[in-house]
Amino acid sequence: MSHSLKPARVRFAPSPTGRMHLGSARTALYDYLLARKTGGQFILRIEDTDRRRFVPGAEEELMQGLRWLGLNWDEGPDVGGPYGPYRQLERKEIYQEYALQLIESGHAYTCFCTPERLEKLRQEQQKRKENSHYDGTCRALAPQEAAARVAAGERHVIRFKMPRQGSTTVHDRLRGDITVENRNMDDYILVKSDGLALYHLAHVVDDHLMKITHVIRGSEWLPTFPLHALIHRAFGWEEPEFVHLSVFLKPSGKGKMSKRESADLIKDGYSIYVKDLETLGYLPEAVVNWIALMGWSYDDHTEFFTMDDLIEKFSLDRLNPSPAAINFAKFDHFNGLHIRNLEIPDLANRLRPFFEARGYLVDDARLLKVAPIIQERLVTLEDAPEIAGFFFQDVIQSPAAEDLTAKGLTPKESAEVARQMLVLLESQPEMTANLVEPVLRSLVEQLGLSPGQVFGILRAAVTGQKISPPLFESMEIIGKQKVIERLRSAIQVLERAGDG
RNA sequence: GCCCCCAUCGUCUAGCGGCCCAGGACGUGGCCCUCUCAAGGCCAAAACAGGGAUUCGAAUUCCCUUGGGGGCACCA
């Protein structure tokens, strides 16, 4: 039973170096689901130790994205928490302290090699087609000598003293045991010469101090996973459970999305950036449902999930280790499903800004009537203005004669049909669908024409569009006065065309 | 080049030795419904990368090949 699961403390630890994309959104989602499912905590930690790559505004977009998706954190830089601070830049001294501890215990050493020397070394190794790695020059330095040089103010970094022999076995929740030969791993730098810790050290220290139970992250960390385990072990700390998620591939399935391709996507109305999805008219519910299923499944047929469903049903056991190609067609499908799942007032509220963005003056009472008749016709919220913008226009542009002419009829004949409809409609007290539809249907029968021919003329006349929401319901919303007015002007257009 | 990971329809996936001549979904094609467009319903085409091995029996276990992905920074 799920009740027996221990409360998990799970962190989402992005670096503020770019935009929030679908891949990080999925990681955050799984973090959140595990925390909520087990009654644990979802923690947001900002990994900003690389000041050079810092992008202003990235952290804000990230937080907005998480909130939009409904992934609210229990501890984080803005809300605080018992294990703060939650920005790594503010934890600099903590890492230094632990790095020193590693040196004292013989698991790390100071290195005085210059970047220039290292670069030269790399080039030589590459020339010899060798695996590029640190050659261990400073590893042999006597601790006293190293300490003296540090005291003298010499620039240095701190490196992990990777065992030269043997192998390291780590455990990934999705892939089981992974064993690597230690000689294939490097003496990775733990602390830079500016005194700031690198990811490898910082996250291990933080995860331990913050009592993280599960580390869910991208598979790009798999190669350095053994290093991280070794650091935990060097401190004598218990390792959290590690879950490495595979990357998202581009729609073709061939390789991951490049910056260029990501930018090109927007032309087709898609994006891998969470913030763009909102403006493109996608629902956070749909994003969550869609990305949850890229790498996780519940069973062999259930696909529609709300956040509550996911919290109830999510399990690490049903994660899939293979990479998944992003499929926007399926995303559209999910968005449609979730739009149709919305209550009308909710849908109306979400629709309003999309009408307004196109310059329509939205009347709330009318919007409430429009929402239900376009609900099942929307792929995205952004589709609404095109389908139903005319409801919020006092005057529509008169359709061209050819658009008002029924298939198989001349403009003149179409005008005659329109005149007959006008007479019938004028005699109706109001334009309710219940009243109008039977009357018009009997006219269709009487004329011996098809419903498509007759209603096509009316549709174009009243909505100004060849494609529209259901005609009679639309007429009801538009009201008798406007319907009559527009039908009259359509008749005029047709008559003029008939004369010519 | 070296190291690591992955491998079922075009795509997302179910499958954890017999229930599978492989199930669901998106997309595609057809039909039905129908005032247009949708939504909905029905039907169809569509996959276990290849080769060995284990086993009475393999999509499911093991090995190799191939393919794909990731990593090899004083980035995360």
Side-chain angles (χ1 to χ4, degrees), chain A residues 13-18 47-50 52-53 111 113-115 118-119 122 125-126 128-133 155-159 172 174-175 178-181 183-186 188-194 196 198-200 202-203 217-226 244 246-247 249 251-256 290 293-304 318 320-334 336 340 374-379 383 387 437 440-441 444 450-460 463 465-472 474:
Chain A
S15 62
T17 53
E47 313 227 319
D48 54 355
T49 52
D50 187 355
R52 253 187 314 201
R53 291 202 312 155
C111 171
C113 295
T114 63
L118 295 174
E119 182 52 35
R122 235 190 314 274
Q125 286 169 339
Q126 255 162 34
R128 277 178 275 141
K129 293 204 184 288
E130 272 176 34
N131 194 353
S132 80
H133 60 277
R155 258 183 110 70
H156 65 280
V157 300
I158 299 176
R159 287 183 183 274
D172 175 75
L174 275 89
R175 303 154 219 270
I178 299 168
T179 301
V180 295
E181 298 299 321
R183 66 180 143 78
N184 286 327
M185 294 201 293
D186 209 348
Y188 296 92
I189 292 176
L190 264 22
V191 179
K192 292 182 276 187
S193 55
D194 64 3
L196 254 172
L198 248 27
Y199 173 86
H200 303 306
H203 94 272
R217 62 194 345 185
S219 65
E220 66 268 25
W221 294 113
L222 236 23
T224 44
F225 180 18
H244 292 93
S246 336
V247 294
L249 271 25
S252 65
K254 305 284 180 204
K256 69 172 184 180
W290 177 48
L293 257 17
M294 300 181 69
W296 175 83
S297 64
Y298 176 62
D299 58 19
D300 65 346
H301 63 280
T302 314
E303 295 217 305
F304 183 88
R318 295 198 60 90
N320 184 330
S322 48
I326 292 176
N327 183 347
F328 286 104
K330 192 145 188 174
F331 183 30
D332 282 339
H333 168 71
F334 277 122
R340 278 169 253 141
I374 64 171
Q375 186 171 33
E376 66 191 26
R377 268 155 262 268
L378 299 173
V379 172
D383 292 338
I387 297 174
E437 182 166 358
L440 290 174
R441 283 198 188 278
V444 168
S450 77
Q453 288 174 300
V454 176
F455 299 149
I457 299 170
L458 229 204
R459 178 189 320 285
T463 70
Q465 302 175 176
K466 300 190 80 166
I467 295 170
S468 83
L471 222 208
F472 309 114
S474 297

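All figures in this text were calculated on a predicted structure; none of them were measured in a lab. Sequence lines set the chain letters: A, B, ... in the order given, protein chains first and strands last, and positions in each chain run from 1.
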TODO: Give me the ring orientation class for A:Phe225 and A:His244: parallel if the planes are under 30° apart, tilted from 30 to 60°, perpendicular past 60°.
DONE: tilted
Task: Heavy-atom pair of closest approach, residues A:Arg175 and A:Pro321 - done: NH1-O, 3.7 Å
Task: A:Arg340 side-chain N/O to B:G40 phosphate OP1/OP2 under 4.0 Å - done: yes
Task: Side chain of A:Asn327 - closest among B:U11, B:C37, B:A14 - done: B:U11
- [ ] Report the base-pairing partner of B:A39 (Watson-Crick or G-U wobble, both distances below 3.5 angstrom), or none.
- [x] none
Task: Given B:A25, B:C6, B:U13, the nucleotide with the shortest approach to the side chain of A:His333 - done: B:A25
Open item on the list: Using heavy-atom distances to pick each residue's nearest nucleotide on RNA chain B, tell me which of A:Leu293 and A:Arg441 is more 5'.
Closed with: A:Leu293
- [ ] Determine which nucleotide pairs with B:C33, using a 3.5 Å limit on both distances of a Watson-Crick or G-U wobble pair.
- [x] none
Open item on the list: Taking pairing as Watson-Crick or G-U wobble with both contacts under 3.5 Å, can you name the mate of B:C9, or confirm there isn't one?
Closed with: none
TODO: Indicate, yes or no, whether a donor-acceptor pair under 3.5 Å links the base of B:C5 to the side chain of A:Arg175.
DONE: no
TODO: Looking at every strand, decide which applies to A:Leu458 at a 4.0 Å heavy-atom threshold: base, sugar-phosphate, or nothing.
DONE: nothing
- [ ] Using a 4.0 Å cut-off on protein heavy atoms (strictly under), produce a 5'-to-3' string for nucleotides 65-76 of chain B with B for base contact, S for backbone-only sugar-phosphate contact, and - for none.
- [x] ----SBSSSBBB
Task: Complementary nucleotide of B:U60, counting Watson-Crick and G-U pairs under 3.5 Å - done: none
- [ ] Ignoring backbone atoms, test whether A:Ser468 places a side-chain nitrogen or oxygen under 4.0 Å from the OP1 or OP2 oxygen of B:U36.
- [x] no
